[in-house]
Amino acid sequence: MLLLVLRQFIDKAIKFHPRERLSNAKEMLQVFEDELISIAPTVAQFPATSVSTDVQPPTVISAPLLLIQTHPPIIPVNGGMRDWQKATIIGGVIGLCVFGGMTMLNK
């Protein structure tokens, strides 16, 4: 039931046309709270019974936990060209243009 309410809430929040969407955060909160109140859990009422005090709680036996440390995979990120690389390429292109121009003028 909660998933259905959440799905309907998200569907309304991401409608294609802006007029169909929720207009601001306060409106979103109000709609969400109203939906949650409408599905508030009910508490079952049981008849009062006497409780025996000689019952012991069960003994919990647990095995040692195996802790495995996992790290996210390291993914190399290409940060693009550095400034010195850009300067070298631009300088080379300018140099080729100057050399080509001088060669054409000398003919």
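For the numbers below, each heavy atom of this structure counts, side chains included, while hydrogens, waters and symmetry mates do not.
Here the CD1-CD1 distance, from I94 to I89, works out to 12.0 Å after rounding to the nearest 0.5 Å.
Nearest approach of R21 to K15, heavy atoms of both residues: NE-O, 2.7 Å.
Judged by distance alone, with hydrogens and angles left aside, the side-chain atoms of Q30 form no donor-acceptor pair with the main-chain N or O of K26 at under 3.5 Å.
The same ILVMFWY cluster, assembled from side-chain heavy atoms under 4.5 Å apart, contains both I90 and V98.
Residues satisfying the side-chain hydrogen bond (donor to acceptor under 3.5 Å, both in side chains) criterion with R19, sequence neighbours excluded, are H17.
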